[in-house]
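Proteins get letters first, then strands, A, B, ... in listed order; numbering begins at 1 in each. Bear in mind that the values here come from a model prediction, so they are computed numbers and not experimental data. Computed over heavy atoms, backbone and side chain alike; hydrogens, waters and symmetry mates excluded.
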Amino acid sequence: MAQNVFYMLFSTSTQAMKAFTELRSAGCRTRIAPAPRLDNVCCGTALLITEEDIEDVRATLSERPDIAYDRIIETEDITNIHRDRFC
Amino acid sequence: MIYLDNAATSCPKPPEVAEAITSALNSFGGVGRGVHEASIAAAMAVFEARNAVANLLVTPGADRVSFTNNVTTALNLAIDGLLPDGGVAVTTAASHNSVLRPLFRARDLRKCEVRIVNVLPNGAIDMVSFAHAVKGASLVAVTHASNLTGDVYDVAQQAHIAHEAGALFVLDAAQTAGSIPVNMAELDADVLCFTGHKGLLGPQGTGGLCPARDIEILPLIEGGSGTHSFDERHPLAMPESLEAGTVNAHGIAGLTAGIAYIQERGITAIAQHEATLANKVAKDLAAMDSIRILGGGGIAKTGIVAFQSINMDAAELADRLATDYDICTRAGSHCAPLMHKALGTDKSGAVRVSFGPFNTKDDATALLDAVHEILRGN
(Lines give C-alpha, C1' and ligand atoms only; values in the text may rest on other atoms or scores of the structure.)
Protein backbone atom coordinates (compact mmCIF):
# COMPACT_ATOMS: atom_id res chain seq x y z
CA MET A 1 0.00 0.00 0.00
CA ALA A 2 1.44 3.36 -1.03
CA GLN A 3 2.33 5.74 1.77
CA ASN A 4 1.26 9.34 1.84
CA VAL A 5 3.76 12.20 1.97
CA PHE A 6 3.65 15.55 3.70
CA TYR A 7 4.45 18.99 2.36
CA MET A 8 5.48 21.81 4.66
CA LEU A 9 4.35 25.08 3.04
CA PHE A 10 5.75 28.58 3.56
CA SER A 11 5.06 32.24 2.85
CA THR A 12 8.60 32.94 1.67
CA SER A 13 11.56 30.99 0.38
CA THR A 14 13.54 32.47 3.29
CA GLN A 15 11.26 30.60 5.70
CA ALA A 16 11.73 27.45 3.64
CA MET A 17 15.53 27.71 3.70
CA LYS A 18 15.52 28.35 7.43
CA ALA A 19 13.19 25.42 8.15
CA PHE A 20 15.23 23.11 5.95
CA THR A 21 18.48 24.11 7.62
CA GLU A 22 17.12 23.85 11.13
CA LEU A 23 15.28 20.56 10.60
CA ARG A 24 18.33 18.99 9.01
CA SER A 25 20.46 20.20 11.93
CA ALA A 26 17.98 18.57 14.28
CA GLY A 27 18.41 15.29 12.43
CA CYS A 28 15.07 15.33 10.64
CA ARG A 29 14.90 13.85 7.16
CA THR A 30 13.35 16.22 4.66
CA ARG A 31 14.15 17.69 1.32
CA ILE A 32 13.35 20.82 -0.66
CA ALA A 33 10.71 20.22 -3.31
CA PRO A 34 8.30 22.16 -5.48
CA ALA A 35 5.09 22.96 -3.64
CA PRO A 36 2.19 20.84 -4.92
CA ARG A 37 -0.54 22.43 -6.97
CA LEU A 38 -3.11 23.47 -4.41
CA ASP A 39 -5.40 26.39 -3.84
CA ASN A 40 -3.71 29.23 -2.03
CA VAL A 41 -0.18 27.87 -2.03
CA CYS A 42 2.00 30.77 -0.92
CA CYS A 43 5.55 29.86 -1.85
CA GLY A 44 6.66 27.62 -4.68
CA THR A 45 9.29 26.11 -2.40
CA ALA A 46 8.18 23.44 0.05
CA LEU A 47 9.73 20.75 2.22
CA LEU A 48 8.79 17.17 1.42
CA ILE A 49 8.57 14.77 4.37
CA THR A 50 7.74 11.07 4.36
CA GLU A 51 5.11 9.45 6.57
CA GLU A 52 7.99 7.68 8.28
CA ASP A 53 9.61 10.99 9.29
CA ILE A 54 6.64 13.26 9.91
CA GLU A 55 6.42 12.59 13.65
CA ASP A 56 10.09 13.52 14.10
CA VAL A 57 9.44 16.75 12.22
CA ARG A 58 6.33 17.58 14.22
CA ALA A 59 8.16 16.91 17.47
CA THR A 60 11.00 19.20 16.44
CA LEU A 61 8.61 21.93 15.34
CA SER A 62 6.80 21.79 18.66
CA GLU A 63 10.07 22.68 20.37
CA ARG A 64 11.10 25.29 17.80
CA PRO A 65 8.50 28.06 17.51
CA ASP A 66 11.08 30.16 15.65
CA ILE A 67 10.70 27.87 12.62
CA ALA A 68 7.88 29.62 10.79
CA TYR A 69 5.67 27.89 8.24
CA ASP A 70 2.16 28.20 6.90
CA ARG A 71 0.90 24.65 7.26
CA ILE A 72 1.64 21.00 6.64
CA ILE A 73 -0.53 19.10 4.20
CA GLU A 74 -0.78 15.36 3.57
CA THR A 75 -1.11 14.02 0.07
CA GLU A 76 -0.70 10.86 -1.94
CA ASP A 77 2.91 10.04 -2.71
CA ILE A 78 3.54 10.74 -6.35
CA THR A 79 7.24 11.44 -5.96
CA ASN A 80 10.35 9.52 -5.17
CA ILE A 81 11.34 10.76 -1.75
CA HIS A 82 14.79 9.22 -2.14
CA ARG A 83 15.79 11.24 -5.16
CA ASP A 84 17.42 13.89 -2.97
CA ARG A 85 20.72 14.59 -4.68
CA PHE A 86 20.83 18.33 -4.21
CA CYS A 87 20.88 19.01 -0.49
CA MET B 1 48.24 52.74 -6.29
CA ILE B 2 47.49 53.71 -2.71
CA TYR B 3 43.74 53.52 -2.20
CA LEU B 4 42.42 55.85 0.50
CA ASP B 5 38.79 56.17 -0.58
CA ASN B 6 37.22 53.31 1.35
CA ALA B 7 34.33 55.49 2.53
CA ALA B 8 33.18 55.61 -1.09
CA THR B 9 33.73 51.92 -1.74
CA SER B 10 36.24 49.56 -0.18
CA CYS B 11 39.15 48.41 -2.29
CA PRO B 12 40.65 45.87 -2.47
CA LYS B 13 38.24 43.21 -1.31
CA PRO B 14 39.35 40.00 0.36
CA PRO B 15 40.17 37.46 -2.41
CA GLU B 16 37.38 35.23 -1.14
CA VAL B 17 34.84 37.79 -2.31
CA ALA B 18 35.77 37.46 -5.98
CA GLU B 19 36.00 33.69 -5.61
CA ALA B 20 32.50 33.51 -4.14
CA ILE B 21 31.07 35.70 -6.90
CA THR B 22 32.77 33.70 -9.64
CA SER B 23 31.50 30.46 -8.19
CA ALA B 24 28.00 31.92 -7.90
CA LEU B 25 28.05 33.16 -11.48
CA ASN B 26 28.74 29.63 -12.64
CA SER B 27 26.28 27.80 -10.42
CA PHE B 28 23.31 29.92 -9.31
CA GLY B 29 19.81 29.77 -10.70
CA GLY B 30 16.99 32.10 -9.74
CA VAL B 31 16.48 32.75 -6.03
CA GLY B 32 13.14 31.37 -4.85
CA ARG B 33 12.09 30.93 -8.45
CA GLY B 34 12.52 27.21 -8.83
CA VAL B 35 13.26 24.07 -6.91
CA HIS B 36 16.23 22.53 -8.62
CA GLU B 37 19.91 22.30 -7.78
CA ALA B 38 20.89 25.71 -9.17
CA SER B 39 17.93 27.52 -7.66
CA ILE B 40 18.32 25.89 -4.27
CA ALA B 41 22.01 26.83 -4.25
CA ALA B 42 21.11 30.47 -4.86
CA ALA B 43 18.30 30.50 -2.31
CA MET B 44 20.50 28.91 0.32
CA ALA B 45 23.31 31.39 -0.38
CA VAL B 46 20.96 34.34 0.05
CA PHE B 47 19.62 32.82 3.25
CA GLU B 48 23.18 32.41 4.56
CA ALA B 49 23.84 36.05 3.68
CA ARG B 50 20.78 37.15 5.65
CA ASN B 51 22.12 35.22 8.63
CA ALA B 52 25.59 36.72 8.20
CA VAL B 53 24.19 40.27 8.18
CA ALA B 54 21.91 39.54 11.13
CA ASN B 55 24.76 38.11 13.18
CA LEU B 56 27.23 40.90 12.45
CA LEU B 57 24.82 43.80 12.95
CA VAL B 58 22.73 42.11 15.69
CA THR B 59 19.46 42.61 13.84
CA PRO B 60 16.23 40.76 14.75
CA GLY B 61 17.01 37.80 12.47
CA ALA B 62 17.51 36.55 8.95
CA ASP B 63 13.84 37.00 8.13
CA ARG B 64 14.20 40.74 8.86
CA VAL B 65 17.05 41.33 6.42
CA SER B 66 15.84 42.51 3.00
CA PHE B 67 18.44 42.96 0.30
CA THR B 68 18.50 45.97 -2.00
CA ASN B 69 21.10 47.14 -4.48
CA ASN B 70 22.54 49.77 -2.12
CA VAL B 71 21.84 51.77 1.03
CA THR B 72 20.19 54.54 -0.97
CA THR B 73 17.46 52.16 -2.10
CA ALA B 74 17.12 50.87 1.44
CA LEU B 75 16.72 54.37 2.86
CA ASN B 76 14.17 55.28 0.20
CA LEU B 77 12.16 52.18 1.13
CA ALA B 78 12.31 52.94 4.84
CA ILE B 79 11.54 56.65 4.56
CA ASP B 80 8.85 56.33 1.94
CA GLY B 81 7.32 53.33 3.65
CA LEU B 82 7.18 54.76 7.16
CA LEU B 83 6.63 58.50 6.74
CA PRO B 84 2.89 59.17 6.33
CA ASP B 85 1.49 61.80 4.00
CA GLY B 86 1.70 65.13 5.76
CA GLY B 87 3.91 63.68 8.49
CA VAL B 88 6.83 65.37 10.19
CA ALA B 89 10.32 64.00 9.61
CA VAL B 90 13.55 64.95 11.34
CA THR B 91 17.11 64.52 10.19
CA THR B 92 20.41 66.26 10.82
CA ALA B 93 22.71 68.34 8.68
CA ALA B 94 25.18 65.46 8.85
CA SER B 95 22.95 63.35 6.60
CA HIS B 96 23.93 62.14 3.16
CA ASN B 97 21.73 62.94 0.17
CA SER B 98 20.43 59.37 0.38
CA VAL B 99 18.49 60.55 3.44
CA LEU B 100 17.97 64.19 2.51
CA ARG B 101 16.57 63.74 -0.97
CA PRO B 102 13.89 61.14 -0.10
CA LEU B 103 12.82 63.47 2.70
CA PHE B 104 12.71 66.50 0.43
CA ARG B 105 10.72 64.48 -2.10
CA ALA B 106 8.21 63.64 0.66
CA ARG B 107 8.08 67.34 1.49
CA ASP B 108 7.47 68.33 -2.13
CA LEU B 109 5.12 65.53 -3.19
CA ARG B 110 3.36 64.40 -0.01
CA LYS B 111 3.12 67.61 2.01
CA CYS B 112 5.47 66.35 4.71
CA GLU B 113 7.42 68.68 6.96
CA VAL B 114 11.18 68.15 7.13
CA ARG B 115 13.12 69.50 10.08
CA ILE B 116 16.91 69.68 9.83
CA VAL B 117 18.88 69.66 13.07
CA ASN B 118 21.97 71.81 12.93
CA VAL B 119 25.55 70.62 13.22
CA LEU B 120 27.96 72.57 15.43
CA PRO B 121 31.29 73.91 14.08
CA ASN B 122 33.14 70.84 15.39
CA GLY B 123 30.76 68.53 13.51
CA ALA B 124 28.73 67.52 16.57
CA ILE B 125 24.95 67.25 16.40
CA ASP B 126 23.18 70.05 18.28
CA MET B 127 21.31 67.79 20.70
CA VAL B 128 19.31 70.63 22.24
CA SER B 129 17.90 71.42 18.82
CA PHE B 130 17.45 67.69 18.17
CA ALA B 131 15.29 67.22 21.26
CA HIS B 132 13.20 70.20 20.26
CA ALA B 133 12.86 69.13 16.62
CA VAL B 134 11.54 65.62 17.30
CA LYS B 135 8.47 66.87 19.17
CA GLY B 136 5.47 65.92 17.06
CA ALA B 137 7.59 64.03 14.53
CA SER B 138 6.57 60.66 13.14
CA LEU B 139 9.97 59.70 11.72
CA VAL B 140 13.60 60.43 12.54
CA ALA B 141 16.19 59.37 9.93
CA VAL B 142 19.84 59.98 10.77
CA THR B 143 23.32 58.82 9.97
CA HIS B 144 25.36 56.72 12.37
CA ALA B 145 28.58 58.41 11.27
CA SER B 146 29.26 61.38 9.03
CA ASN B 147 30.50 60.31 5.62
CA LEU B 148 32.49 63.55 5.54
CA THR B 149 34.22 63.72 8.92
CA GLY B 150 33.97 60.13 10.14
CA ASP B 151 32.49 61.32 13.42
CA VAL B 152 30.37 58.60 15.01
CA TYR B 153 27.26 59.98 16.67
CA ASP B 154 25.48 58.88 19.80
CA VAL B 155 22.54 57.43 17.90
CA ALA B 156 21.38 55.40 20.89
CA GLN B 157 20.68 58.68 22.63
CA GLN B 158 19.01 60.03 19.51
CA ALA B 159 16.85 56.89 19.27
CA HIS B 160 15.83 57.27 22.90
CA ILE B 161 14.80 60.88 22.37
CA ALA B 162 12.96 59.99 19.16
CA HIS B 163 11.06 57.16 20.81
CA GLU B 164 10.17 59.33 23.81
CA ALA B 165 8.59 61.70 21.30
CA GLY B 166 6.73 58.84 19.61
CA ALA B 167 8.77 58.86 16.40
CA LEU B 168 10.19 55.89 14.53
CA PHE B 169 13.98 55.82 14.23
CA VAL B 170 15.68 54.95 10.92
CA LEU B 171 19.45 54.54 11.05
CA ASP B 172 21.76 55.01 8.08
CA ALA B 173 24.70 52.73 8.85
CA ALA B 174 26.40 53.20 5.49
CA GLN B 175 29.65 54.35 7.08
CA THR B 176 29.65 52.07 10.11
CA ALA B 177 28.44 48.61 9.10
CA GLY B 178 31.59 46.52 8.89
CA SER B 179 33.82 49.40 9.97
CA ILE B 180 32.99 49.60 13.67
CA PRO B 181 30.89 47.35 15.92
CA VAL B 182 27.21 47.98 15.16
CA ASN B 183 24.51 46.50 17.36
CA MET B 184 21.02 47.30 16.12
CA ALA B 185 19.44 45.93 19.29
CA GLU B 186 21.54 48.14 21.57
CA LEU B 187 21.08 51.18 19.35
CA ASP B 188 17.31 50.56 19.45
CA ALA B 189 16.81 51.43 15.78
CA ASP B 190 13.46 50.64 14.21
CA VAL B 191 15.14 50.19 10.84
CA LEU B 192 18.83 49.82 10.10
CA CYS B 193 19.98 50.47 6.53
CA PHE B 194 23.34 49.22 5.28
CA THR B 195 25.40 49.00 2.15
CA GLY B 196 27.47 46.02 1.14
CA HIS B 197 30.32 47.60 -0.78
CA LYS B 198 31.96 49.76 1.89
CA GLY B 199 32.89 48.37 5.31
CA LEU B 200 31.21 45.03 4.69
CA LEU B 201 33.74 44.42 1.88
CA GLY B 202 31.19 43.06 -0.57
CA PRO B 203 30.65 44.10 -4.18
CA GLN B 204 28.79 47.15 -5.41
CA GLY B 205 25.14 46.41 -6.03
CA THR B 206 24.52 45.00 -2.56
CA GLY B 207 22.88 46.54 0.48
CA GLY B 208 19.73 46.24 2.47
CA LEU B 209 17.52 47.16 5.36
CA CYS B 210 16.65 45.46 8.63
CA PRO B 211 13.30 46.46 10.12
CA ALA B 212 12.56 45.59 13.74
CA ARG B 213 9.96 42.86 14.31
CA ASP B 214 7.10 45.30 14.89
CA ILE B 215 7.88 47.46 11.85
CA GLU B 216 6.05 46.80 8.60
CA ILE B 217 7.22 48.64 5.50
CA LEU B 218 5.05 48.63 2.41
CA PRO B 219 6.89 47.77 -0.81
CA LEU B 220 7.89 50.69 -2.99
CA ILE B 221 8.44 48.37 -5.93
CA GLU B 222 6.12 45.50 -6.87
CA GLY B 223 6.56 42.65 -9.29
CA GLY B 224 8.07 39.19 -9.40
CA SER B 225 8.13 37.45 -6.05
CA GLY B 226 8.20 33.70 -6.60
CA THR B 227 5.26 33.51 -4.20
CA HIS B 228 1.52 34.25 -4.36
CA SER B 229 1.75 34.57 -8.14
CA PHE B 230 -2.00 34.89 -8.58
CA ASP B 231 -2.29 37.81 -6.18
CA GLU B 232 -2.66 41.16 -7.93
CA ARG B 233 -0.38 42.94 -5.48
CA HIS B 234 3.09 42.11 -4.21
CA PRO B 235 3.11 39.78 -1.16
CA LEU B 236 3.77 41.48 2.17
CA ALA B 237 5.73 38.72 3.90
CA MET B 238 9.20 39.81 4.98
CA PRO B 239 11.96 39.80 3.95
CA GLU B 240 11.00 39.20 0.31
CA SER B 241 8.21 41.81 0.41
CA LEU B 242 10.92 44.44 -0.16
CA GLU B 243 12.79 42.45 -2.83
CA ALA B 244 10.57 42.57 -5.92
CA GLY B 245 12.39 41.02 -8.85
CA THR B 246 15.40 38.75 -8.69
CA VAL B 247 17.92 39.85 -6.08
CA ASN B 248 21.63 40.14 -6.82
CA ALA B 249 22.43 36.67 -5.52
CA HIS B 250 25.85 36.66 -7.17
CA GLY B 251 26.84 39.84 -5.40
CA ILE B 252 25.19 38.72 -2.18
CA ALA B 253 27.37 35.60 -2.20
CA GLY B 254 30.34 37.95 -2.36
CA LEU B 255 28.92 39.97 0.50
CA THR B 256 28.77 36.85 2.65
CA ALA B 257 32.44 36.26 1.93
CA GLY B 258 33.24 39.84 2.90
CA ILE B 259 31.40 39.48 6.19
CA ALA B 260 33.15 36.17 6.85
CA TYR B 261 36.48 37.97 6.49
CA ILE B 262 35.35 40.63 8.98
CA GLN B 263 34.20 38.02 11.47
CA GLU B 264 37.49 36.13 11.17
CA ARG B 265 39.69 39.20 11.59
CA GLY B 266 37.38 40.78 14.15
CA ILE B 267 35.32 43.92 13.77
CA THR B 268 36.97 45.55 16.78
CA ALA B 269 40.43 44.86 15.39
CA ILE B 270 39.44 46.35 12.03
CA ALA B 271 37.95 49.43 13.68
CA GLN B 272 41.08 49.95 15.77
CA HIS B 273 43.35 49.45 12.77
CA GLU B 274 41.50 52.05 10.67
CA ALA B 275 41.16 54.51 13.56
CA THR B 276 44.88 54.26 14.36
CA LEU B 277 45.81 55.15 10.79
CA ALA B 278 43.24 57.95 10.67
CA ASN B 279 44.35 59.41 14.00
CA LYS B 280 47.98 59.40 12.89
CA VAL B 281 47.13 61.20 9.66
CA ALA B 282 44.82 63.70 11.37
CA LYS B 283 47.43 64.53 13.98
CA ASP B 284 50.25 65.03 11.48
CA LEU B 285 48.10 66.97 9.02
CA ALA B 286 46.90 69.25 11.81
CA ALA B 287 50.53 70.09 12.53
CA MET B 288 50.91 71.54 9.02
CA ASP B 289 50.30 75.29 8.98
CA SER B 290 47.71 75.55 6.25
CA ILE B 291 45.59 72.51 7.10
CA ARG B 292 42.27 72.47 8.91
CA ILE B 293 40.90 69.13 10.05
CA LEU B 294 37.12 68.87 9.86
CA GLY B 295 34.95 67.38 12.57
CA GLY B 296 35.91 65.85 15.89
CA GLY B 297 32.52 66.28 17.54
CA GLY B 298 31.47 62.64 17.67
CA ILE B 299 31.70 60.01 20.38
CA ALA B 300 34.16 58.02 18.23
CA LYS B 301 35.73 58.06 14.76
CA THR B 302 35.68 55.79 11.76
CA GLY B 303 38.75 55.61 9.52
CA ILE B 304 37.96 58.92 7.84
CA VAL B 305 39.97 62.14 7.90
CA ALA B 306 38.59 65.18 6.09
CA PHE B 307 40.71 68.27 5.71
CA GLN B 308 40.91 71.61 3.97
CA SER B 309 43.96 73.56 2.90
CA ILE B 310 43.72 77.33 3.08
CA ASN B 311 46.26 77.52 0.23
CA MET B 312 44.85 75.09 -2.29
CA ASP B 313 41.45 74.07 -3.60
CA ALA B 314 40.42 70.61 -2.43
CA ALA B 315 39.83 69.32 -5.95
CA GLU B 316 43.30 70.44 -7.05
CA LEU B 317 44.94 68.85 -4.04
CA ALA B 318 43.11 65.54 -4.59
CA ASP B 319 44.00 65.66 -8.27
CA ARG B 320 47.68 66.23 -7.49
CA LEU B 321 47.62 63.32 -5.06
CA ALA B 322 46.09 61.11 -7.73
CA THR B 323 48.17 62.13 -10.72
CA ASP B 324 51.57 62.79 -9.13
CA TYR B 325 51.54 60.28 -6.28
CA ASP B 326 48.98 57.64 -7.32
CA ILE B 327 47.06 58.21 -4.09
CA CYS B 328 43.26 57.91 -4.31
CA THR B 329 41.31 60.32 -2.11
CA ARG B 330 37.97 62.06 -2.55
CA ALA B 331 37.42 65.75 -3.08
CA GLY B 332 34.16 67.61 -3.67
CA SER B 333 30.96 67.70 -1.68
CA HIS B 334 30.66 64.02 -0.75
CA CYS B 335 26.87 64.11 -1.25
CA ALA B 336 26.70 65.88 2.12
CA PRO B 337 25.72 69.45 1.19
CA LEU B 338 24.33 70.51 4.55
CA MET B 339 27.35 69.18 6.41
CA HIS B 340 29.69 71.17 4.17
CA LYS B 341 27.59 74.27 4.74
CA ALA B 342 27.65 73.71 8.50
CA LEU B 343 31.43 73.35 8.47
CA GLY B 344 31.96 76.26 6.10
CA THR B 345 33.44 74.15 3.31
CA ASP B 346 30.58 74.36 0.82
CA LYS B 347 32.60 76.67 -1.44
CA SER B 348 36.04 75.07 -1.07
CA GLY B 349 35.08 71.43 -0.64
CA ALA B 350 37.35 69.16 1.34
CA VAL B 351 39.73 66.30 0.77
CA ARG B 352 38.51 63.09 2.37
CA VAL B 353 40.93 60.30 3.19
CA SER B 354 39.35 57.02 4.31
CA PHE B 355 41.25 53.97 5.45
CA GLY B 356 40.23 50.35 5.03
CA PRO B 357 41.34 47.08 6.56
CA PHE B 358 44.13 46.56 4.02
CA ASN B 359 45.82 49.95 4.37
CA THR B 360 49.17 50.14 6.11
CA LYS B 361 51.27 52.63 8.05
CA ASP B 362 53.30 53.08 4.88
CA ASP B 363 50.15 54.25 3.08
CA ALA B 364 49.57 56.85 5.77
CA THR B 365 53.19 58.00 5.62
CA ALA B 366 53.09 58.25 1.83
CA LEU B 367 49.99 60.43 2.03
CA LEU B 368 51.51 62.73 4.62
CA ASP B 369 54.73 63.10 2.65
CA ALA B 370 52.79 63.83 -0.53
CA VAL B 371 50.55 66.47 1.04
CA HIS B 372 53.59 68.08 2.64
CA GLU B 373 55.43 68.21 -0.70
CA ILE B 374 52.44 69.54 -2.63
CA LEU B 375 51.67 72.31 -0.14
CA ARG B 376 55.33 73.25 0.28
CA GLY B 377 55.68 73.67 -3.47
CA ASN B 378 52.46 75.58 -3.88
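Between E243(B) atom CD and T14(A) atom OG1 the span is 6.5 Å, to the nearest 0.5 Å. Interatomic distance, CE of M44(B) versus OG of S13(A), reported as 10.0 Å (0.5 Å rounding).
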### Message
Before you tell me yes or no, could you show the steps for T21(A) and E48(B) under side-chain contact (heavy atoms from CB on, under 4.5 Å), namely the whole-Å CA-CA distance, both residues' side-chain angles and the distance that decides it to 0.1 Å?
### Response
CA-CA 10 Å; T21(A) 305; E48(B) 287 171 0; over 6 Å; no

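When side chains are defined from C-beta on, V46(B) does not count as touching M17(A), because their heavy atoms never get closer than 4.5 Å.
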